[in-house]
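Letters A, B, ... mirror the listed sequences (proteins, then strands); counts begin at 1. Remember, it's a predicted structure, so these values are computed and weren't measured experimentally.
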2 protein chains.
Amino acid sequence: MTGKVTIKDVAKAAGVSEATVSRALTHSPRVKRDTRQKIQNIANNLGYHPNGLARSIRLQHTHTLGVIIPDILNAFFTKLSRVIEDAADKAGYDVVLVNTDESLAKEANALSLLLEKQVDGIIITSAGGPTKYTDILGNTPAVFVDRMPPVTGQLAYDRVLVDNIQGTRAVVTELIHQGAQRIGIINSAVSFTATERMTGYREALTQAGFEPDAAIEATARTDNSNVQQMTRQLLVNQKCDGLFVADNTIMEEVLRKLPALDLPPIHLGGFDDQDWFDFLPQPIVTARQPIAQLGQTAIDRLLAKIDDPDLLPEEIRLAATTISR
Amino acid sequence: MTGKVTIKDVAKAAGVSEATVSRALTHSPRVKRDTRQKIQNIANNLGYHPNGLARSIRLQHTHTLGVIIPDILNAFFTKLSRVIEDAADKAGYDVVLVNTDESLAKEANALSLLLEKQVDGIIITSAGGPTKYTDILGNTPAVFVDRMPPVTGQLAYDRVLVDNIQGTRAVVTELIHQGAQRIGIINSAVSFTATERMTGYREALTQAGFEPDAAIEATARTDNSNVQQMTRQLLVNQKCDGLFVADNTIMEEVLRKLPALDLPPIHLGGFDDQDWFDFLPQPIVTARQPIAQLGQTAIDRLLAKIDDPDLLPEEIRLAATTISR
DNA sequence: GTGAAAGCGCTAACAG
DNA sequence: CTGTTAGCGCTTTCAC
């Protein structure tokens, strides 16, 4: 904290009151042209930057939004956060972003941090625990994006989600069209996502006349440390000729294992697209999330809620696009 | 901003003064055990969260650091920012991150924003303009990372940089060892990085007995819109059998163009490594930046400077690792 | 058009 | 051990 030049210094240098400096710098109309001009010059020369904390405390809002995500290193969240920042910026809001690494404890800390920073609203990818968001948030507006907490009755917040069932079903169906006869799944450890994606996977199989088989339904650990082993299990031991993978972090581990298995080409599909999948020798079918709309919609809803606290919460589902290669 | 329960409410509910609440909650030793206990309970029940703005304004520091990078979507900066956040967190600091998209105007805005937020220090990847950082920053501690501004005399700030010359030279040399006879370069638009990496490229050629040739030295636009065309120019028209690419964003465009050219395998090298390069049919030699150390060192220096404003600025160079595939 | 004064929520002397 | 008071930097009535 610079602790340096304040409005008082500017006022003194300009020979006016602090009030006038404030008015001049906030473009209030009630200031004479040359007074304003003079004050602005002096402020510049002095290198004056208004103290945003003082202003916010006075104005009772920060024009800052909080964003809580699991991990910025996950390409999906990298993109999502960028979209959110751009949308927020366009609306005149700053953004503070925090990672939770899927940890409930870190999520709780993140929430406290943002609340103490007095953010005007929060966008959150729920870590999925039994967290009582209403108790913690008080009446700070919030919207859930990508995942929502386990529902117990009415959820007081908006949620902007992708249609996981439809997206997954489409990918698995495409794999079947490509000729896959036995498609395994490596599912996510994230319960909200996992449940929905599992449903889509099973629906696609059933619709095509295949019987879901628990022996080829695996779940990745949060750190994906068992994925390579699962890959071998499904493709070698269980003789799957197709594999659906529930997110991009799992996919990376699968791709890392694949060459070592030295198998004939398999039918590979997954949730989340990455641009570099285009470069792989192995074609991948993916459900690409509508990240831009996800972020924009979340911001839109949040701002609407900030504007009108009585706005009723909604659930918004956006469709994923199937990318065939 | 919740505008809700304040220290005053807690004080009233507990039947004590605001000062006592403050002391109880900040773990000051001068409070009776049960008083503290009672206050903590009441605070919890009321859902009290201290107003960080008020506290910061009073304490004259925010325990918040600002980070300015070009683009979080660039994997190098994604990783760097995560490392910085973790290191800052460990030291008890929050982080506010801003993207500039290599724009001088946005960099100026970012600086203002952070200064108004009263951050205790700033880590910045300079956009490279003639910006007078000293004038803007006043005595807010700052350190440059990855790039520093054009030097005019003494630079008042620490800088933590990678050894671009060494890194580039090593990659190009490796390409030559692999048998490349004519290695072109597609350089970055970022002047600081570009200058150093060009030097490394030419040094490697010269050392190996090749003559640098301006006809095969190209520069990417900031948005990389000309990279695919340059790729064709160098590999087809100029018949290069090797290519050095100055950063990971350029590399992606090159990879996108390569298949269409339908050439025999070329010797490909670049600055910045990405994990997924492992999966490509085309082996790539890279200079991998020591991102973790870069971030940690930057934070260390910044905190040191915050601690002791008289600390003399240094330039720290870290070596890149050559990854051969 | 401008100044004086109050107050946002908090902590740090200073008393007691 | 606890209460009173002042003040951080700013904006905003309310006067003039």
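Between A:Lys12 and A:Glu18 there is no salt bridge, since no side-chain nitrogen of the basic residue lies less than 4.0 Å from a carboxylate oxygen of the acidic one. A salt bridge links A:Asp86 with A:Arg82: the distance from a Lys NZ or Arg NE/NH1/NH2 to an Asp or Glu carboxylate oxygen falls below 4.0 Å. Ion pairing between B:Asp9 and B:Lys4 fails under the 4.0 Å rule for side-chain N and carboxylate O.
When the C1' atom of C:dA12 is taken as reference, atom CZ of B:Arg55 falls 13 Å away, rounded to whole Å. Taking atom CG of A:Leu59 as the reference point, atom C1' of D:dT13 lies 14 Å away to the nearest angstrom. One interatomic measurement links the two molecules: CG of B:Asn51 to P of C:dC8, which rounds to 12 Å at whole-angstrom precision. Taking atom NZ on B:Lys117 and atom P on D:dG9, their separation rounds to 18 Å, with Å as the unit. The nearest whole Å value for the distance from the CG atom in A:Asp34 to the C1' atom in C:dG1 is 11 Å.
Between the side chain of A:Arg23 and the base of C:dG3, a donor-acceptor pair under 3.5 Å is found.
In the set C:dC10, D:dG3, C:dG3, the nucleotide with an atom closest to the side chain of B:Val16 is D:dG3. Side chain of A:Ala19, nearest nucleotide from D:dT12, C:dC8, C:dC10: D:dT12. Looking at the side chain of B:Pro50, the nearest of the listed nucleotides D:dG9, C:dC10, D:dT2 is C:dC10. The listed nucleotides are C:dG9, C:dT2, D:dT12; the one nearest the side chain of A:Thr20 is C:dT2. When distances are taken from the side chain of B:Ser17 to each of D:dG3, D:dC10, D:dC1, the shortest belongs to D:dG3.
B:Tyr133 and B:Ser126 share a donor-acceptor pair across their side chains, judged by distance under 3.5 Å alone.
In this structure, A:Thr6 does not reach the D:dG9 phosphate: none of its side-chain N or O atoms is under 4.0 Å from OP1 or OP2. Contact annotation: B:Gln60 reaches the phosphate of D:dG9 (side-chain N/O to OP1 or OP2, under 4.0 Å). Contact between the side-chain N/O atoms of B:Thr35 and the OP1/OP2 oxygens of D:dT2 is found at a separation under 4.0 Å.
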